[in-house]
Each structure stands twice: as structure tokens, then as C-alpha cells.
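The block underneath contains the structure these notes are about, expressed in C-alpha cells.
A note on names: the letters A, B, ... follow the listed sequences, proteins ahead of strands, and every chain is numbered from 1.
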Amino acid sequence: MGYWLLKTEPEVFGIDHLAKRPRRTAPWDGVRNYQARNYLRDEVKRTDQAFIYHSSCAQPGVAGIASVVRAAYADPSQFERRNAHFDATSDPAAPRWVAIDVRLQRRLKRIITLDELRAHEEGKLLGMLLLRRGNRLSVTPVSEVHWQFILTLE
DNA sequence: GCCAACGTTGGC
DNA sequence: GCCAACGTTGGC
């Protein structure tokens, strides 16, 4: 079982949006960074678990848990001319970007804030990629130990 | 809105 | 292949 952290801006597409989708399921698309794409394409498996993390907002932190219900497939938005994530240089015969589908399992009882995570940066969460200085990746792996510890903070 | 950090682009 | 310029991310 793999564990992941998926960043999203709640004003664009956050946990509230996911909760309102049919079957609480939606594509996780629009990823346009190669390293994040490689995780999605090569390592994220169906049934893996993911923290939904809110960024660029008043209270950055982990908001909920989703499960991966579909592994990587070509992200349709790269070919949609009017889409913000349109990529004119991506070849339909060899699509550059991938999406996965995720289903909301549950919200956390409360947001576990970035501040709280940072409080354990030198301890239980040592080495967590999200906390690494300058990290901007929107898809990062989470170790099982870190995953379990974060849930004890809830 | 600021700005540090990092990724991407493109001239050479 | 180098690296300066530029764009994006994201906390604050």
C-alpha cells in the first residue's frame, strides 16, 4: 500500500469540491511538473491512500483522506485548448501528462495544519518531503510511519 | 503583495 | 551543456 500527499488550492478544487462530486470521485488532473508526473505515472497505484492537503490558503494543512480509484491515464485537459492546463506541445500519440482518479474517503475531524506538522519536523516527521525547505511538489510520497503518526494528531 | 526557492526556457 | 532570465509555487 502506497501513501501520498496531494496538494490543492481549496479555492480552486478543494475537499469541498471533491465531497460534492458524484461518488465523491474526481480526476486529479492538471499536474504539470515532471517529478510530480513521474510519481503519478510510475508509482501511484489503485487503492493507494492520499492525504488531501490544502495550500495557498488561510489554513494550509491536511484536510482529508482519499483513495486512488484509478491509476494513471492520459490527462485530457492537456488537449483542451481552453483549459488552463492546455499544453500545445503535448502529442496526442504520446501524451505528456497524466491524471489519476481519487475518491474522498473522509474528512479529518479538523485540519491538521502545516504548523502542527512543522512542530514535528525534527522528530516524528523527520524527512517528510512536504516539510523540506523549498519543496513545491504537488505530489509527494508519505512513508507509512509518517502517515500513521499524522493520523494520531487528529 | 512579497519574496525565497526551484523549475523551465532558450541563446550561445 | 552552461547559465541567465523568466515563470511558478506557496508560506507568510
Side-chain angles (χ1 to χ4, degrees), chain A residues 2-21 26-44 48-66 68 71-102 104-143 145-147 149-154:
Chain A
Y3 298 94
W4 302 93
L5 183 143
L6 303 174
K7 277 188 205 171
T8 188
E9 298 183 23
E11 289 180 14
V12 179
F13 188 89
I15 205 158
D16 292 337
H17 299 89
L18 187 55
K20 286 177 186 149
R21 290 298 181 92
W28 205 264
D29 60 5
V31 172
R32 295 293 181 270
N33 168 283
Y34 286 104
Q35 207 176 335
R37 181 214 52 190
N38 292 347
Y39 281 133
L40 290 182
R41 185 189 62 188
D42 304 333
E43 297 190 41
V44 176
D48 279 359
Q49 303 280 102
F51 284 137
I52 303 299
Y53 176 90
H54 283 171
S55 69
S56 294
C57 59
Q59 197 176 37
V62 178
I65 300 173
V68 177
Y73 58 95
D75 178 353
S77 69
Q78 68 196 302
F79 303 121
E80 295 166 3
R81 195 162 289 277
R82 284 187 299 278
N83 192 292
H85 302 288
F86 175 66
D87 181 355
T89 68
S90 181
D91 175 2
R96 175 173 299 150
W97 306 112
V98 300
I100 60 173
D101 288 351
V102 299
L104 180 63
Q105 287 208 318
R106 66 178 182 89
R107 294 169 191 269
L108 299 192
K109 299 184 191 100
R110 59 188 188 81
I111 302 262
I112 297 178
T113 65
L114 179 60
D115 278 348
E116 290 178 78
L117 299 178
R118 287 233 179 267
H120 301 280
E121 191 174 1
E122 310 284 321
K124 297 280 195 178
L125 296 179
L126 187 68
M128 187 179 180
L129 288 181
L130 173 76
L131 304 178
R132 194 178 276 180
R133 203 170 114 86
N135 167 66
R136 301 184 322 183
L137 272 187
S138 63
V139 178
T140 50
V142 177
S143 74
V145 170
H146 288 169
W147 178 277
F149 174 72
I150 289 166
L151 288 178
T152 69
L153 298 175
E154 187 181 8

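For A:Lys7, no side-chain nitrogen or oxygen approaches OP1 or OP2 of C:dT9 to under 4.0 Å. Residue A:Arg133 places at least one side-chain N or O under 4.0 Å from the OP1 or OP2 atom of B:dA5. A sub-4.0 Å separation between OP1 or OP2 of C:dT9 and a side-chain N or O of A:Tyr53 is absent.
Rounded to an integer number of Å, the gap from A:Leu6 CG to C:dG10 P is 12 Å. Protein atom CD of A:Glu9 is 7 Å distant from nucleotide atom P of C:dT9, rounded to whole Å. Taking atom CG of residue A:Asn135 and atom P of nucleotide B:dA5, one finds them 13 Å apart after rounding to whole Å. One can place CG of A:Leu117 at 14 Å from C1' of C:dG11, the figure rounded to the nearest angstrom. Here B:dG7 presents its P atom at 11 Å from CZ of A:Arg132, a figure rounded to the nearest Å. B:dT9 atom P lies 13 Å from atom CZ of A:Arg32, rounded to whole Å. Here the P atom of nucleotide C:dG11 and the CG atom of A:Leu131 are 11 Å apart, to the nearest Å. Protein atom CD of A:Gln35 is 11 Å distant from nucleotide atom P of B:dC6, rounded to whole Å.
Ion pairing of A:Arg132 with A:Glu121 is absent here, as no side-chain N (NZ or NE/NH1/NH2) approaches a carboxylate O to less than 4.0 Å.
Checked against A:Leu125 for a side-chain contact (heavy atoms from CB on, under 4.5 Å), the options A:Val145, A:Ile150, A:Leu130 give a single hit: A:Ile150. Checked options A:Leu114, A:Leu117, A:Ile52; the residue passing with A:Val62 is A:Leu117 (criterion: side-chain contact (heavy atoms from CB on, under 4.5 Å)).
For A:Ser55, counting side-chain heavy atoms from C-beta on, the closest listed nucleotide (B:dC6, B:dT8, C:dG11) is C:dG11. In this structure, of B:dG7, B:dA5, C:dC12, it is C:dC12 that holds the atom nearest to the side chain of A:Asp115.
Base engagement by A:Ser56 is indicated by at least one non-hydrogen atom pair under 4.0 Å involving a base atom.
When ring centroids are compared, A:Tyr34 and A:Trp97 come within the 6.0 Å threshold.
Side-chain atoms of A:Arg32 and A:Arg96, non-hydrogen and from C-beta on, never get closer than 4.5 Å to each other.
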